[in-house]
Protein chains: 2
Amino acid sequence: MHHDSLHALLVKEKLSLTRPRRIIFDLLLHKDPQSMQVLISRAANKVDRATIYRTIELFERLGIVHRLNIGWKYKIELSDLFVGHHHHFHCNQCGATHTLQANPMLETMIDTVAAKENFSPRSHQLEIHGLCGQCAGQPA
Amino acid sequence: MHHDSLHALLVKEKLSLTRPRRIIFDLLLHKDPQSMQVLISRAANKVDRATIYRTIELFERLGIVHRLNIGWKYKIELSDLFVGHHHHFHCNQCGATHTLQANPMLETMIDTVAAKENFSPRSHQLEIHGLCGQCAGQPA
DNA sequence: GATATATTTGCAAATTTGTCGCAATTATAT
DNA sequence: ATATAATTGCGACAAATTTGCAAATATATC
Ligand SMILES: [Mn+2]
Ligand SMILES: [Mn+2]
Ligand SMILES: [Zn+2]
Ligand SMILES: [Zn+2]
């Protein structure tokens with residue numbers, strides 16, 4: 001159960017799995033990356049705005065979520081700990097965001113490139129922009 | 001001259017290279033990624049806040065700049081059209097941002113991965129997080 | 001270079017987004 | 001069940017971003 005891992009991560013820091021934290025986590029589970037505004041409106045009457053900001057900040061610090069550069073404002077999604085590692089493809093035409101499964105060869109190369117410069121990589125984010133299959137077919 | 005390419009990109013869209021646009025472009029040239037706030041304060045008394053937002057939005061639409069996820073807030077930098085294509089490494093410890101020269105092998109693989117899923121990649125962004133050489137040496 | 005036309009800017013106000021203090025509530029430990 | 005520490009909701013704030021519109025500036029034409 002995902003809630004168990006979440007609970008474990010929190011307990012390790014002497015923090016507790018509260019109702020608001022569970023609600024926010026559930027909003028993120030199995031969903032595409034969401035903007036703060038969407039999260040806030042989806043949690044309306046359940047969790048306060050301030051708590052959502054505080055929780056996302058906490059979750060990010062613990063590596064439970066991370067934020068993405070899609071469009072003008074950022075979006076939040078669960079980290080690799082909860083959904084398999086993946087990258088994103090964003091269509092410039094229709095605005096759709098697709099998931100790209102992680103490719104072992106590519107992952108290795110990314111770490112290698114960083115190591116070559118004497119860095120110790122811990123995580124990374126790759127966003128590809130262009131045209132999706134649909135949009136590439138039709139004229140603009 | 002970089003201003004010529006900038007001018008060409010604007011003219012193609014029936015837009016003009018105005019004083020504020022040139023000033024903002026120059027602020028970005030040869031500089032590390034900058035936050036909106038820094039851009040606003042650096043352009044103080046020269047370009048209005050609203051104009052900076054409008055210009056960055058325009059530049060982004062035309063592919064002249066793109067935004068980066070570095071830490072909590074995003075930053076703006078010139079796109080590959082004006083500075084060589086590169087990636088970023090961000091140190092979780094000291095907060096420094098380093099440039100990673102583009103690696104031909106890696107670049108090819110990124111495009112291949114996207115193409116395999118029937119996407120037509122036009123650009124991409126890779127951000128690596130971890131510890132820099134300095135910080136990896138010393139204990140936390 | 002002067003004039004006409006369309007675009008762009010600055011300004012100030014409005015809206016949206018993100019933060020903070022603190023009393024009341026909720027979670028863990030005993 | 002009680003004690004203790006962590007967490008939340010609720011304003012009130014503060015910061016960031018957007019907008020309408022009259023004035024200023026750029027391009028096209030004469
Ligand atoms: Mn990866
Ligand atoms: Mn690249
Ligand atoms: Zn598309
Ligand atoms: Zn460092």
Side-chain angles (χ1 to χ4, degrees), chain A residues 1 3-28 33-62 64-77, chain B residues 3-28 33-62 64-76:
Chain A
M1 176 52 114
H3 282 175
D4 293 338
S5 330
L6 174 61
H7 188 244
L9 282 168
L10 289 166
V11 165
K12 200 193 318 180
E13 304 270 325
K14 296 200 235 299
L15 303 172
S16 45
L17 176 47
T18 62
R19 210 175 93 83
R21 284 173 186 165
R22 193 164 20 237
I23 290 175
I24 295 170
F25 180 83
D26 287 345
L27 279 178
L28 292 167
Q34 296 165 77
S35 69
M36 279 292 176
Q37 293 325 303
V38 166
L39 284 175
I40 288 168
S41 79
R42 286 191 175 149
N45 302 105
K46 296 218 244 347
V47 187
D48 187 72
R49 201 157 39 99
T51 300
I52 296 186
Y53 278 106
R54 287 190 277 231
T55 301
I56 293 297
E57 186 186 9
L58 171 68
F59 279 6
E60 191 173 42
R61 188 162 61 74
L62 300 187
I64 294 168
V65 303
H66 60 87
R67 70 188 56 206
L68 253 64
N69 256 337
I70 295 185
W72 184 246
K73 299 273 171 68
Y74 62 83
K75 294 185 178 178
I76 304 292
E77 70 168 4
Chain B
H3 283 176
D4 293 339
S5 330
L6 173 62
H7 188 245
L9 282 168
L10 288 166
V11 165
K12 200 194 318 182
E13 304 270 326
K14 297 200 236 298
L15 302 172
S16 46
L17 177 47
T18 63
R19 210 176 94 84
R21 285 174 185 162
R22 193 166 18 237
I23 289 175
I24 294 170
F25 180 84
D26 287 344
L27 279 178
L28 293 166
Q34 296 167 77
S35 68
M36 279 292 177
Q37 294 323 305
V38 166
L39 284 174
I40 289 169
S41 80
R42 288 193 174 148
N45 301 107
K46 293 217 248 346
V47 186
D48 187 72
R49 211 151 29 99
T51 301
I52 296 184
Y53 279 106
R54 289 189 276 230
T55 301
I56 293 296
E57 186 186 8
L58 170 68
F59 279 6
E60 192 174 39
R61 187 161 62 72
L62 300 188
I64 294 167
V65 304
H66 59 85
R67 73 188 53 207
L68 253 64
N69 255 336
I70 295 184
W72 186 247
K73 300 271 170 67
Y74 64 83
K75 294 184 179 180
I76 305 292

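Numbers restart at 1 for each chain; the letters A, B, ... are given by sequence-line order, proteins then strands.
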Give a yes/no on whether any side-chain N or O of [X] is located under 4.0 angstrom from OP1 or OP2 of [N].
X      : N       : value
R19(A) : dT26(C) : no
Q37(A) : dT16(C) : no
T18(A) : dT8(D)  : yes
Y74(B) : dA16(D) : no

Please state how far atom [atom1] in [X] lies from atom [atom2] in [N], giving the value in whole angstrom units.
X      : N       : atom1 : atom2 : value
R22(B) : dT25(D) : CZ    : P     : 13 Å
R21(A) : dA27(C) : CZ    : P     : 11 Å
M36(A) : dT17(D) : CE    : P     : 14 Å
E13(B) : dT27(D) : CD    : C1'   : 17 Å
L17(B) : dT27(D) : CG    : P     : 8 Å
I56(A) : dT17(C) : CD1   : C1'   : 15 Å
I24(A) : dT7(D)  : CD1   : C1'   : 12 Å
K14(A) : dA6(D)  : NZ    : C1'   : 13 Å

Residue mapping more 5' on DNA chain C - nearest nucleotide basis, S16(B) or P20(A):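 Result: S16(B).
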How long is the gap from [atom1] on [X] to [atom2] on [Y], to the nearest 0.5 Å?
X      : Y      : atom1 : atom2 : answer
R49(B) : R54(B) : CZ    : CZ    : 11.0 Å
K46(B) : T51(B) : NZ    : OG1   : 14.0 Å
L39(B) : I56(B) : CG    : CD1   : 5.5 Å

Tabulate below the donor-acceptor pairs under 3.5 Å that side-chain atoms of residues 17-25 of chain A make, not counting sequence neighbours, or state none.
| from | atom 1 | to | atom 2 | distance (Å) |
| --- | --- | --- | --- | --- |
| T18(A) | OG1 | R21(A) | N | 3.4 |
| R21(A) | NH1 | S16(A) | O | 2.7 |

If every non-hydrogen atom of [X] is compared with every non-hydrogen atom of [Y], which pair is closest and at what distance?
X      : Y      : result
P33(A) : E77(A) : CG-OE1, 3.6 Å
L58(A) : L15(A) : CD1-CD1, 3.7 Å
L28(A) : Q34(A) : CA-NE2, 3.9 Å

Touch class at under 4.0 angstrom, heavy-atom based, for I40(A) against every strand present: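 It contacts nothing in the nucleic acid.
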Among dT17(D), dG20(D), dT8(C), the nucleotide that comes nearest once only the side chain of R54(B) is considered: dG20(D)
Residues touching DNA chain D, which here means a heavy atom under 4.0 Å, drawn from residues 43-53 of chain B: R49(B), A50(B), Y53(B)
